[in-house]
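Just below is one structure, and these are the notes that go with it.
Quick note on labels: first sequence line is chain A, next is B, and so on, each numbered from 1.
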Amino acid sequence: MATPAAAEPGGSSSRDAPRARDTYVFDIAEGRRGAAINRLCASFKDEHNRRDFLSDEEAYCGRFDLTDEQRRAILDRDWVGMLDLGASIFYTFKLAQVDKRSMQYLGGVFTGMTEEEFGSLMVSGGRRFG
Amino acid sequence: MATPAAAEPGGSSSRDAPRARDTYVFDIAEGRRGAAINRLCASFKDEHNRRDFLSDEEAYCGRFDLTDEQRRAILDRDWVGMLDLGASIFYTFKLAQVDKRSMQYLGGVFTGMTEEEFGSLMVSGGRRFG
Amino acid sequence: MAEIIWGLATSHVPSIGAAMDYGKTEDAYWKPLFEGYAPAREWMAEHRPDVAVIIYNDHANAIDLDVVPTFAIGTGERFEVADEGWGRRQVPPVIGHPPLSEHLITRLVDDEFDITMLHDLDVDHGLTVPLSVYCPQPGASWPCRVVPLLVNVIQYPQPTAARCLKLGEALGRAIRSFPRDIKVAVFGTGGMSHQLAGARAGLINTRFDRMFLEKIETDPTSLAALSREQYVDQAGSEGIELIMWLVMRGALGDGLTRIHDTYHVPASNTAAALALFAVTDSGTPSAPMRSTLRR
Amino acid sequence: MAEIIWGLATSHVPSIGAAMDYGKTEDAYWKPLFEGYAPAREWMAEHRPDVAVIIYNDHANAIDLDVVPTFAIGTGERFEVADEGWGRRQVPPVIGHPPLSEHLITRLVDDEFDITMLHDLDVDHGLTVPLSVYCPQPGASWPCRVVPLLVNVIQYPQPTAARCLKLGEALGRAIRSFPRDIKVAVFGTGGMSHQLAGARAGLINTRFDRMFLEKIETDPTSLAALSREQYVDQAGSEGIELIMWLVMRGALGDGLTRIHDTYHVPASNTAAALALFAVTDSGTPSAPMRSTLRR
Ligand SMILES: [Fe+3]
Ligand SMILES: [Fe+3]
């Protein structure tokens, strides 16, 4: 809605192209849609919650008002799916950290690369658009 | 600080004059000073907390970071004292409600009247100043 | 496009709600106030809005004491009735209008108002009592959706009265640019003169209140020129709530007619009033019914 | 009266803090960035402020996700370092300056900025990494007090760039009217171009960044004219953080000299930069040292 890019799907010419939208606009409606995922991820600010989650992920998910799709996306670590279901990267990154995954790993997921490929691309100056 | 009235003490010609300041200005510094009292009173939004408080007031006070003076003011229902220690009437009124005390009762306390006297004065048009 | 059809200014004293909830409106203490409401209620019942934008303040209930927004808008689909320390009022939950909330926030932020978004909000007497003043018998649900707009009137520094009037003007533009054909009412709540604490507790300033009730229609700019210190001094430390009437007034614009008003002392420790204004520049003008103001 | 002595624009990427915390600043990956910081750090070490006003955003850490203030100021005596989901950074707690916070809030609210007051606030990497950029070895305590000023850059609608520049101008007036002889530095944090999520993840726009680094000094008004959509489009969905540099820039006023700047790609997934400006109209002018910007 806000940016022209927001509504456009990601590259579509290849079967391997990531499903991620070009740019996510985290607006109020998205925030409402993704609130349960974000709330779950926000809870990882407490060490105690991180341990609870790791010891029984399914049970931990039960504490939050997740849709089945959202629960699935969390348990499967479907990073694109979580964003498509309204989550914000600032929250889902906390889940990635629980998994000891880096932002380069996530960047790779969003763009169909390995963590190493994505990291090298950043070192070589990042990705240019427009 | 904000209003001229704020800094002036209440009527001072009589020994019976209330200790209350004319007008409390609940500013940031006051809010910081009175935070523990306000936090305790805010907790009464939960029925469960109201019951806990009534069953053991001293223990309940222990849950909050009150100064000795603040704890004393709460336990003694020193309504003027609480405000002088930084509380806001919107919070202390919740404590009054736990005691089933009305705003007219508090008005009486602040002005050196009984609840009935204060209520009658309101019905007759309230108190004029200036 | 959305249309603003009327604006209501009303006190929001908890005991006014309690009088309705516990069937005391015919008691000698309360009867004059509710009789004063009657003509406005009849008129409003014939002019039902789809949405009410209710300008009010939270009274240490839903908003954490460590977070004090100057202006905030609730975005939710539903607002539960708050437990303010003595159990919840037995009134229906308040149903929101998320698309309108989002539209108003975006327009106001673009218009340089620094709105706080509240995505999860319980509503206290500041909002539910005005709804009851509008609609005393809602049954299972209120007759309109609600967008809550909250103003800090409790902790110094409150917004200036001038800023509140400007917010109202921007709010009016924002509502009227909402691309759906809905009818909107705007509520300005709180006041009139009252002070709950301190040696001046019980303060009532009828002269100030009458002046304010008159000028809210005819000369809101002069009310916007008063400082927060003047409000506290003249109308009491809680009478500063009157700045919220200016938000409503700003939203209505200049084409308005007074339908009704009433003024009564006391409701609990407060001077209670109601003033109802029809917006006449974007609909059929409504003839005023009667005013109790200058009797 | 208080005096603004310098302004620092700096990225606040968590991994910049981690590089310092875990002794990696000499690694090939990080060395160029930290070498770029060195001249600015030397100059700042010789020009110590009493208080830093740090404009930053919380990243889903200290502020509940249901409350999104457009602009907020922390009022506390102390701000704990937040646990962002991977343990707290081992840096000193941040000590506040309540009288300055209160003064700024009152002046800004009177100046029609609708500030949210935050009376209890943990601070995340958005604030602590810039402190480390300023002072890499604080020991047991940071060398200055801090007033945090938070901007919503995460949830649409963010404040406009124009509003941010105006807030900065008002902030400058508010700081300079504080009646104590203290020296104040202003930090604008975040940026430069980066996008963390979506098919455009990894976006870097060096052309835009260089333009921004230049015009933040010479033509901030042109940067204030860009829409939030242009920021997101050009600098990435997280690059919109750059609007916070405009708050700092507005506070400095027109008499400023660039002391140093540096630009490096990448810090994690971000284009990282630093730009340091001395305020010259209320102190002795400082000669610029060197600029890596237009090398
Ligand atoms: Fe009120
Ligand atoms: Fe950031």
Side-chain angles (χ1 to χ4, degrees), chain C residues 58 60 62-76 79-80 101-122 149-167 169-171 174 224 227-229 243 247, chain D residues 58 60 62-76 79-80 101-122 149-167 169-171 174 224 227-229 243 247:
Chain C
D58 180 68
I63 310 208
D64 189 276
L65 78 173
D66 291 319
V67 179
V68 184
T70 295
F71 297 132
I73 289 179
T75 67
F79 308 98
E80 300 298 336
S101 288
E102 291 161 35
H103 173 83
L104 296 182
I105 289 168
T106 305
R107 289 298 171 116
L108 289 171
V109 169
D110 279 346
D111 228 353
E112 307 202 337
F113 290 84
D114 314 312
I115 304 297
T116 291
M117 312 186 218
L118 296 177
H119 299 319
D120 185 22
L121 175 68
D122 286 2
L149 193 163
L150 294 87
V151 178
N152 167 36
V153 294
I154 290 183
Q155 190 164 38
Y156 180 93
Q158 296 90 348
T160 63
R163 183 64 173 169
C164 288
L165 184 61
K166 282 188 197 170
L167 172 64
E169 290 162 358
L171 176 66
S227 68
R228 64 172 78 82
E229 289 74 13
I243 61 176
V247 182
Chain D
D58 180 68
I63 309 210
D64 189 274
L65 78 173
D66 291 319
V67 179
V68 184
T70 295
F71 297 132
I73 290 180
T75 67
F79 308 99
E80 300 298 336
S101 288
E102 291 162 35
H103 174 83
L104 296 181
I105 290 169
T106 305
R107 288 298 170 117
L108 289 171
V109 169
D110 278 345
D111 228 353
E112 307 204 333
F113 290 84
D114 314 312
I115 304 298
T116 291
M117 312 185 217
L118 297 177
H119 300 319
D120 185 23
L121 174 69
D122 285 1
L149 192 163
L150 293 87
V151 177
N152 167 36
V153 294
I154 290 183
Q155 189 164 38
Y156 179 94
Q158 296 88 348
T160 63
R163 183 66 174 168
C164 289
L165 185 59
K166 283 188 195 169
L167 172 65
E169 290 161 359
L171 176 66
S227 68
R228 66 172 77 81
E229 289 74 14
I243 60 176
V247 182

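- A side-chain contact (heavy atoms from CB on, under 4.5 Å) with C:Asp114 holds for exactly one of D:Leu167, D:Val151, D:Asp114, D:Leu108; it is D:Asp114.
- Taking both residues in full, the closest heavy atoms of D:Lys166 and C:Glu112 are given as NZ-OE1, 2.7 Å, listed atom of the first, atom of the second, then distance.
- The choice from C:Leu65, C:Ile115, C:Thr160 that makes the most heavy-atom pairs within less than 4.5 Å of chain D is C:Ile115.
- In this structure, the separation between CD on D:Gln155 and OG1 on C:Thr75 is 8.0 Å, given to the nearest 0.5 Å.
- Using a 4.5 Å cut-off between heavy atoms, D:Leu121 does not touch chain C at all.
- Proximity of D:Thr70 to C:Phe113: side-chain heavy atoms (C-beta onward) are nowhere separated by under 4.5 Å.
- Contacts of D:Asn152 with chain C are made by side-chain atoms alone, with heavy-atom separations under 4.5 Å and no backbone atom involved.
- Proximity to chain D involves both the backbone and the side chain of C:Ala162, based on heavy atoms less than 4.5 angstrom apart.
- Between D:Thr116 and C:Val68 there is no side-chain heavy-atom pair separated by less than 4.5 Å.
- With a 4.5 Å cut-off on side-chain heavy atoms, C:Val109 and D:Arg228 count as touching.
- Looking only at side-chain heavy atoms (C-beta outward), D:Leu118 and C:Asp66 stay at 4.5 Å or farther from each other.
- Between D:Pro157 and C:Arg107 there is no side-chain heavy-atom pair separated by less than 4.5 Å.
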